[in-house]
Structures are given as structure tokens and as C-alpha cells.
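Encoded as C-alpha cells, the structure appears first; notes follow it.
Quick caveat, the model's predicted, so the values are computed rather than measured. Chain identifiers are assigned alphabetically (A, B, ...) following the order of the sequence lines, protein sequences preceding nucleic acid strands; residue numbering begins at 1 within each chain.
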Amino acid sequence: MNWAEVILERLNSSAVREPALATALLGLTAGSIGALAVLRRQSLLGDAVAHAALPGVAVAFLVGARTPLGLIVGGAVAGWLAMRVVTLITSQSRLAFDTALAGVLAVFFGAGLVLFTYIQRNVPGAALTPLERYLYGQAAFLRSDDLALIAAFTTIALSTVVLFWKEFAAVSFDPAFAASIGLPVRRMEGALTTLLVAAVVMGLKAVGVVLMTTLLIAPGVAARQWSNRLGWVVFWAGVFGATAGLGGTWAAHLASFELTRGRSIPTGPTIVLAATGWVAVSLLLGPARGWLWSKRQMKSARSQPHTANPP
Amino acid sequence: MNSLLELALVLSLVAAACALPGVFLVLRRAAMTSDAIGHVLLFGIVLAYFVTRDLDSPWLLVGATAAGLLAVGLVEALTQSRRLRSDAALGVVFSSLFAAGVLLVSVSVKNVHLDVDAVLLGQPEMATEPRWHLGGMQLAPVVVMAGVLLLNGLLTTLFFKELKLSTFDPELAAVLGFRPVGLHYGLMAVVAITAVAAFDAVGPVLVVGFFVVPAAAAYLLTNRLAMMVLLAMGGGVVGAIGGTVLADTLNTTTAGAVATTLGLLFALTFLVAPERGLIAQWRLRHRQRQNFEELMLTVHLLQHEGMPEEAEESRYSNLAAHLAWPPAQVDAVVRRAERRGLIVRSGEQLQLTAAGRTWAQSVLHRDTTFP
């Protein structure tokens, strides 16, 4: 058996197939929704939501909702609450958006740690998913019920985006125009934000709190270099996100075999690095705005004969 | 020394040291940059470890600070390429460098203090153990943090004028030759050094709370920069002590409890701050609305004073219809206006007092001068 066959066999094992599929779906959803968020200058909102979801997960556990869905709902509620707090602070005081974001992120995360540690030390027999898994993500532990949940969410999120495509595009590019043609701007923005929160919370277990940010931002940033049309940007962001999820999970799995002799490597970082790889490639080679492309354009513009009055 | 007391002391020093640069982060709208720097430190620490093979070497501090500055520079460069916005650049840079750090830790650094959990959460319970050494001498964390606080205090005092000007008016600072860019990187270096010194005690995420939250609360309380710095430091220390006590009572993580306490302090300030607090704002709006209602009543009475319809218009029971107010509101406004001596009431009829007439006239006069 040559090395290619060994790799294929390892990647085809059932222990890899489900996590890989789950992270690919997650990358697809997070990438396409994240592209819209990047456009709306809400890149770092995902970061805050990811951190802020932690106390919600712990509270859900404390009140007895210990299924994957229950924990996710708890996280989503906390993430949504954190965004309301950010909005309240920015609208009612002179504090800047990023101050509110950073403060809420740290305080919610701190409260989450307090609750997690409290549960681990004081609640007898509490087999809460190790905190580490929520922080760094471990796709290898995604089970088939997690996969079903992620698949269902992907379907709902993507069909919402497709169904309300024109409205989302209008609201994202020009909220004032969208309002003037009678679109419910606040409600559309609320819907986009809700999708963002949901995507973040879904991704917590697979890629973790810190790295969920990248899965939202990086595919959008990369895709932006490939096209100037929103449809294509969102499409490519989905593709980049999905391939980063797939490639990252595979890489983590293979590396666990080769580098650390079975000790598992967290999937979050490898997925992030795969997504960052897409960003680097796109910034260099992207046909719409990439570095190489704009250099060539500049060169051809310089070689054009100068005319004072273009026709 | 009592270990709880020592823990509270270390965390208080962390809070005070963080509050100094934190004030300027908040005012310069660069709060999220401290989050980014906190995460990137790990990458620098790991790289420096590969070189020195010693987890307690002060070179780790240098490596971490360099990594933080590198990340800030990278974000600026990416933003200036205009291919992505600053918030997206920040998100991509810090999370990828953090990912690289976590990966390096989990692949190669075995069974050492630098395990993956401690990396993100900090270990305040360890924060009282000696960590850094310098030429064979053990440095207790209290000493290290006190040194950082001293450094930050010294730098803030020395460059107070420059920081103030470049924070509030960067263009003027540049014109006057204060080099705002250099100052910016200096501030970021201070943030990185403070964060790496606090790394053990609070971890890279919660340190953001130490930087930002007390400064944000102080900003709601004062308009004076020096006062804001002092309030932020004081608030941070109160949060650190309160959090330590809270954690001890609940038997839970100290760093998280301090962040939570800081959050509660901020929430309290946000509610009750004089002038800028939610309650003060609400009361101000309420007072303005009442004042406006009383004004409308006096103007209404003035408009019809001496006219044939005066008896009708100034009749108490007609006001609800004429001013389009609910009867309960009419009742409240009339009573307030009476108490303020703007009107007098005899049975059903209302009449302006001299004071009420002057007030209404002054407003109408103002209106006619600005048609």
C-alpha cells in the first residue's frame, strides 16, 4: 500500500467522515453569512457573540437542558443578549462600538468561566462537555445528532438567504435606500444578526470560541478579492468556508497520526489556518482586487498613451 | 502572606496597570486591538520558547511583545492595502496567529506549564507562584506586576501631554510634530507588555476586560483625562478585590469572577452615573417633557388672553379637547403650573400670573425673531 492509499483509507474512516462533513457544512454556512457581515462592518461581532455564548451554555446545563440542542439554544440566547447589551451601550452612551464589544466580550466570557468552573467543582456528577472543547473546538467529537443539527441549520440558513436575497442585498449595501422602498430594515437586519448568532453558536463545538471568528470573516475577505458582485462573493465565501472546514479537519486528523503519535490535535486551529490560507492566496491572486491583478492593471494603464481628453 | 490576600494584591496590580493604557484604548476606539494583542502573545511566547527552551526566561516577554507589535503592524499594512477593512483585518490576523500558537503548543510543547487550557484562561491560582527569573533570581509575580505598574505609570506621566493631544486631535498632534504614529506603537507596546505580564494571572481574553471595562466606566463619570485615569485605576482595584472575594465564596475561578465584578461595576455606573447614567438621562428627558407641557399651557392661555373667546379657551374642562391631551395629563400639568406660580385657578377658569405671562411671551418673542 503506498502512502496515498494510506491517507485515503484514514480519511475515509467513519471517525473522520462525519466530523469532516459537519465542518464543511459549517464552513459553507458561516462563510456565506459571514460575507454579508463583513460587508456590513460587523466582522468582530461574531467574535463577541462566540465569547458571550459561553455563560448561556453553562446556564442551559445548570437548568437541565443538557442535549446538544439545549446547550446551543442557551448559547444563542446569551449571544443574542450580548448583542442587545452592545446596542444599548452604544445607543445610550458616548462609548464607541468596539469599546462596548470588547467589554461585553470579556465580561460575558468571564461570567461563563465562573459558571463552568462552578459546575465542574460543585455540581456532583456533572459530565459537562469539557470546557476545552468549547474553547478550541474538537470536530472529532461531533456525533451524528450534532451533524443532523448542523445540516438542518445549514438548510434553513441558506434557504433564508436565497429567499430574501434581494432584500438582504439592499439592506447590506444601502439601508437608507432599502428603507425608502419600504423594506422593514430593522427586521431584516435583525434576521441577519440572528443568522449570524446561530451560525456562531453552531460552530462552537467544532472550531471553538476563539476561532469561530475566522470562519465568519476569512472566507468573506477572501471571496471579496475574486468578484465585485455580491452574489459571487457570497458564493465563493461559501465554497472557501466549506473547503477550509473539510481541509482543516482532514489535516488535523492526519497530523494527529503523524506528528503526535495519536495525541489528538484540535481541529479549530487547522481549520482557521486553512481559511487564512485562502485569504493569503486571494489577496495575492484574486482576479477582482488581488495584488498581482492590480499590479498588471497598473502596468497596462501606464503603457497606454496618455490622452488629455478621453473620447 | 495570606495567599488570598496575595492573590487580591496581584490582581489589583494587574487591574491598575491595565487601566493606564486602557483609558487611551477606549478613547482612541482601539479596544478590540487589545483583544487581538492578547491572543497574539501566545504565538510570540511559543516562538521564543523554541529559541530559549526555557519557559521562565524573560526573553518570552520580549518575544510576546514583538509578536503583538508585529500583529498591529500587519493589521495596519493590510488595512492600508485597502483590500479589506480594519475590523476584518484585525479578526483575520489575530485569530490566525492565535491558531498557529495553539497548534504549535499542542504539537510540540509537551507536559509543561504551557498547556492548552492555561493558555486561554490564565491560572490565577498559580499567579502567586514565582514565574520569571532574571539571572538566577526568582521574581515573585507581585514584584513583576508592581514593576509593570510602575513602568506604565511613569510612561503615562511622562507622555501625558503627547498622549492627550494625539488622542483627541491626531491631526494637530502631527502638525505640531508629536509623531502620533510612533506614540501609537508605543502605546501598543505598553499594552503588549502589560498583557504578557498579566498572562499567567488572567489569560488573554479576560485581560481585555481589565483594559477596557474600568476605563469605559470612568469615561461615563468624567470629562477630565487625568480624573478618568484615576477613576479607571480605582475601579479596577475595587473590581479585583471584589472578584477575589466572590471567587473565594463561590469556589470558582478568580480571573472570571474579577471580570464579572468589573462588568457589574460598569452596569452600576451605566445606570446611576450622574449626568450620563441611564437614570439621569431618563430623569432629564422626563423633566424636559414636563417643562414643555407647562410652557404649552401658558402659551395657549396667552394666545387667547383678552380675546372674546377667552372664557371658553381658558376653561379647565375644555383644555383636554383644545390641547389634545388626555384629562389626566391636563390635571397633572395644571397642578404643576399652579405650584410653579405660572397660573392661578378660580373654579373652572385659569388665568396667567405675571410670571407665567412673561415666560410665554419670552418664548413667543424668540419664535418671531426666528421665523
Side chains of B:D35 and A:L101: closer than 4.5 Å at any heavy-atom pair?
no
Spatial distance of atom CG (B:L42) from atom CZ (B:F98) [nearest 0.5 Å]:
5.5 Å
Among [options], single out the residue with the greatest number of heavy-atom pairs under 4.5 Å to chain B.
options                     : value
A:A275, A:A96, A:A37        : A:A96
A:L216, A:V85, A:L44, A:V38 : A:L44
A:T276, A:D98, A:V107       : A:D98
A:S43, A:A111, A:A106       : A:S43

For [X], is it the side chain, the backbone, both or neither that has a heavy atom under 4.5 Å from a heavy atom of chain A?
X      : answer
B:V26  : both
B:N251 : both
B:L78  : side chain
B:F270 : side chain
B:A89  : neither
B:R85  : side chain

Can you tell which part of [X] gets under 4.5 Å to a heavy atom of chain B, answering side chain, backbone, both or neither?
X      : result
A:L45  : neither
A:I89  : both
A:T214 : both
A:D47  : side chain

Please state whether the rings of B:H39 and B:F94 are parallel, tilted or perpendicular, taking 30° and 60° as the class boundaries.
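Judged by the thresholds at 30° and 60°, the geometry between B:H39 and B:F94 is tilted.
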With chain A as the partner chain, list the residues of residues 257-268 of chain B whose heavy atoms fall under 4.5 Å from it, by residue number, and write 'none' if nothing qualifies.
B:A257, B:A259, B:T260, B:G263, B:F266
Tell me whether [X] contacts the main-chain N or O of [Y] through its side chain, where contact means a donor paired with an acceptor under 3.5 Å.
X      : Y      : answer
A:R40  : A:L192 : no
B:T252 : A:V114 : yes
A:Q225 : A:V221 : yes
A:T270 : A:G248 : yes
A:W293 : A:P287 : yes

When you measure from the centre of the six-membered ring of A:F97, is the NZ or CZ of B:R29 under 6.0 Å away and within 45° of the axis?
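So B:R29 doesn't make the cation-pi contact.
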Side chain to side chain contact (heavy atoms under 4.5 Å, CB included), that's the test. Do A:L95 and A:T90 meet it? Break it down for me.
CA-CA 6 Å; A:L95 294 169; A:T90 44; over 6 Å; no
Heavy-atom pair of closest approach, residues B:T194 and B:P21
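Taking every non-hydrogen atom into account, OG1-CG, 4.4 Å.
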For each of B:V212, B:D87, B:L278, tally heavy-atom pairs with chain A at distances under 4.5 Å, and name the one with the top tally.
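Result: the option with the highest number of such pairs is B:D87.
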Option that, when pairs with chain A are counted at under 4.5 Å, heavy atom only, ranks first among B:L25, B:T33, B:V208, B:L90:
B:V208
Could you tell me whether the side chains of A:S282 and A:R224 share a donor-acceptor contact shorter than 3.5 Å?
no
Do A:T213 and B:S95 have side-chain N/O donor and acceptor atoms under 3.5 Å apart?
no
How about B:E275: does its CD atom have over 12 heavy atoms from other parts shown lying under 6.0 Å from it?
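Result for CD/B:E275: open.
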